[in-house]
Amino acid sequence: MKSHTDVIPEDATEVEPAPIDLSDISLDLAMSQLAQMVLIRLFELRAAQLVTTGEIFGGMHASIGQEAVAVGVISALEPGDRAAASHRSHHVALAKGMPPRTMMAELFGREMGSARGRGGHMHMADFDRGFLGSNGIVGASAGLALGSAFASAYRHDGRVAVGFFGDGGANTGRVWEFVNLAAAWSLPVIFVCENNGYAVETRIDQSMAGESIARRAEGFGLPSHQADGQDVAAMYRLTRDAAERARSGGGPTFIEALTYRHQGHDVGERGKYRTAEEIAWWEARFDPIRRLRGTLGRAGALSDEEFTRLELRMEEVVSDAVDYAEAAQPPDPATVADNVTGLVIEEGDFPWLNA
Ligand SMILES: Cc1ncc(C[n+]2csc(CCOP(=O)(O)OP(=O)(O)O)c2C)c(N)n1
Ligand SMILES: [Mg+2]
């Protein structure tokens with residue numbers, strides 16, 4: 001399996017962002033995709049900073065660099081369609097319409113958060129907007145999408161479901177159980193594998209057999225594509241066609257999106273498993289925001305001033321979300337376990353703890 005290092009040319013120092021084909025994309029759509037990607041980027045940069053200063057507790061997996069996958073896919077869906085995501089899910093949740101205030105409040109552990117402050121960054125969900133949740137179980141999101149697609153086929157409600165998972169997820173058996181059943185039952189589901197080249201610190205060529213993940217999926221007899229996940233228009237096009245097929249009874253599609261995370265596996269990582277040159281090359285050549293901005297700029301559709309204004313507007317949205325979350329109340333300790341399924345720990349349950 002090719003790694004994300006293998007594709008870097010030897011003279012990869014000064015590189016322009018690769019152009020993208022917008023020939024069949026309206027300016028309104030491209031501008032709205034750009035606005036969403038900028039919002040996601042700025043939201044996560046701020047959230048990551050708040051993790052490092054301790055204002056947001058716990059770890060966090062940022063999708064910075066991978067925005068085009070979520071935005072391209074979700075902008076091709078109908079609002080009633082559903083999406084389930086992995087532990088790296090801010091981009092999917094925001095693209096699916098979760099309000100930045102609600103998400104930031106969840107990250108802060110506040111009552112007004114999407115899981116009323118009980119879930120945090122890996123347990124966000126917004127069923128009203130069809131976001132079936134982030135998920136800490138690698139590969140499980142594909143199964144949630146499968147279940148939703150089964151319900152849609154059973155009810156004939158015309159909805160499509162998308163399951164986002166990583167290349168690491170594609171090395172778990174459960175993902176292929178889901179793909180198999182979806183193909184066997186012709187379910188309206190789209191599997192989107194965000195292949196960012198790494199599962200934590202393990203490079204894909206060290207852990208994955210075969211030519212590509214898309215090739216592996218082909219064995220289950222469903223249309224399967226390897227695509228440029230840093231090209232929002234390419235992701236949009238493939239999903240639009242896959243959703244149309246799924247809605248008209250044509251069954252599932254598998255998309256392997258080649259993408260790259262600019263930051264570590266989690267915030268604060270001090271990894272030595274990839275080189276600074278590799279990160280710099282992917283950022284320079286394939287940053288999805290720079291690519292769309294550059295293409296629109298060259299077409300005379302977006303000036304530098306307009307882009308700066310867009311950034312300022314999105315910065316305000318993020319600041320508003322942070323202000324809202326900071327001022328919001330944490331859950332009342334008396335109700336904190338309501339609707340939470342799990343262990344009730346009694347004194348003496350874990351004697352070895354005191355041993
Ligand atoms: C079932 C399961 N096994 C292992 C883990 C530990 N784990 C968390 S993230 C991760 C790597 C996931 O890699 P990938 O699917 O490529 O997603 P990425 O982090 O690159 O977005 C692993 C192994 C887990 N959360 N769940
Ligand atoms: Mg990965």
Side-chain angles (χ1 to χ4, degrees), residues 1-7 40-41 44 47-48 51 58-74 83-95 119-124 133-146 162-179 191-210 212-214 216-217 226-230 235 254-274 278-279 282-283 286 288 342:
M1 178 91 41
K2 254 197 184 147
S3 81
H4 283 40
T5 320
D6 294 333
V7 295
I40 294 165
R41 175 74 55 93
E44 286 197 301
V51 169
M60 183 179 293
H61 310 98
S63 71
I64 294 168
Q66 303 186 192
E67 297 88 348
V69 183
V71 170
V73 167
I74 290 168
S86 72
H87 56 286
R88 195 177 306 288
S89 66
H90 299 154
H91 55 337
V92 177
L94 285 168
H121 121 99
M122 269 197 288
H123 305 98
M124 306 181 299
S134 341
N135 203 309
I137 303 171
V138 165
S141 39
L144 292 183
L146 176 80
V162 182
F164 291 87
F165 54 94
D167 45 287
N171 258 354
T172 66
R174 69 181 69 80
V175 161
W176 303 106
E177 295 180 32
F178 306 143
V179 172
F191 296 103
V192 178
C193 178
E194 294 187 73
N195 177 2
N196 61 14
Y198 295 90
V200 194
E201 301 199 355
T202 305
R203 221 174 53 202
I204 188 168
D205 57 321
Q206 297 167 333
S207 61
M208 192 169 263
S212 71
I213 300 170
R216 190 180 278 190
Q226 188 181 61
D228 181 349
Q230 305 306 77
M235 295 310 298
F254 191 99
I255 300 172
E256 175 189 0
L258 294 173
T259 185
Y260 198 76
R261 63 168 157 73
H262 294 178
Q263 299 209 342
H265 172 72
D266 47 14
V267 171
E269 173 199 271
R270 295 168 67 87
K272 295 203 176 112
Y273 56 91
R274 55 182 185 169
E278 178 186 306
I279 301 170
W282 273 88
E283 285 189 16
F286 287 123

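Values below: all heavy atoms of this structure, side chains included; hydrogens, waters and symmetry mates excluded. Because the structure is a prediction, the values reported are computed rather than measured. Just so you know, residue 1 is the first one in the sequence shown, and it goes up from there. Counting convention: from 1, in listed order, for ligands and their atoms alike.
Close N/O approach between V200 and ligand 1 is not found [any backbone or side-chain N/O within under 3.5 Å]. Backbone and side-chain nitrogen or oxygen atoms of A199 are examined, and none is located within less than 3.5 angstrom of a nitrogen or oxygen of ligand 1.
No part of E194 comes within 4.0 Å of ligand 1, judged by heavy-atom distances. Residue contacts with ligand 1, taken as heavy atom pairs separated by less than 4.0 Å, involve R174 solely via side-chain atoms from C-beta onward. Contact annotation for Y198 and ligand 1: only backbone heavy atoms (N, CA, C, O) come within less than 4.0 Å of the ligand. Contacts between H87 and ligand 1 below 4.0 angstrom, taking non-hydrogen atoms only, involve the side chain exclusively.
Side-chain polar atoms of E278 and T5 form a donor-acceptor pair below 3.5 angstrom. No hydrogens or angles considered: a donor-acceptor pair under 3.5 Å links the side chains of R88 and H265.
When all heavy atoms of A48 and M60 are compared, the closest pair comes out as N-SD, 4.2 Å. Of all heavy-atom pairs between A84 and A145, the closest is CB-N, 4.3 Å. In this structure, Q226 and S212 approach most closely via the heavy-atom pair NE2-CB, 3.7 Å. Annotation for T172 and G139: closest pair OG1-CA, 4.3 Å, computed over non-hydrogen atoms.
Note: W176 and F254 have parallel aromatic rings, judged against thresholds of 30 and 60 degrees for the angle between ring planes. Ring geometry for H61 versus H121: interplanar angle of 30 to 60°, hence tilted.
Angle OD1 (N196) to the Mg ion (ligand 2) to O (Y198): 80°, rounded to 10°.
The protein non-hydrogen atom at the shortest distance from atom 16 (O) of ligand 1 is G168 N, 2.8 Å. In this structure, atom 4 (C) of ligand 1 lies nearest to the protein heavy atom V138 CG2, 4.5 Å. Nearest to atom 9 (S) of ligand 1 among the protein's heavy atoms is H265 CE1, 3.4 Å. Atom 15 (O) of ligand 1 has G169 N, 2.9 Å as its closest protein atom, hydrogens excluded (heavy atom only). Scanning all protein heavy atoms for the shortest distance to atom 21 (O) of ligand 1 gives R88 NE, 2.7 Å.
For Y273 and Y198, the ring centers sit closer than 6.0 Å to each other.
Per-atom contact check: atom 6 (C) of ligand 1 does not touch the protein, criterion being a heavy-atom distance below 4.0 Å.
Not one N or O on the side chain of N195 forms a donor-acceptor pair closer than 3.5 Å with the backbone of I213.
Not one N/O/S atom of N195, from backbone or side chain, sits under 2.8 Å from the Mg ion (ligand 2). Counting backbone and side-chain atoms alike, E194 contributes no N/O/S atom closer than 2.8 Å to the Mg ion (ligand 2).
Close contacts of ligand 1 with N196, meaning ligand atoms under 4.0 Å from a residue heavy atom, involve 18 (P), 20 (O), 21 (O). Remark: ligand 1 atoms within the under-4.0 Å shell around heavy atoms of G166 are 14 (P), 15 (O), 16 (O), 17 (O).
A side chain to side chain donor-acceptor pair (under 3.5 Å) with H91 holds for exactly one of E67, E44, E194, R41; it is E194.
Between A62, S86, G136, it is G136 that holds the heavy atom closest to atom 25 (N) of ligand 1.
Between the Mg ion (ligand 2) and the N, O or S atoms of D167, the shortest distance is to OD1.
Remark: H123 engages no residue in a side chain to side chain contact (heavy atoms under 4.5 Å, CB included) (not counting sequence neighbours).
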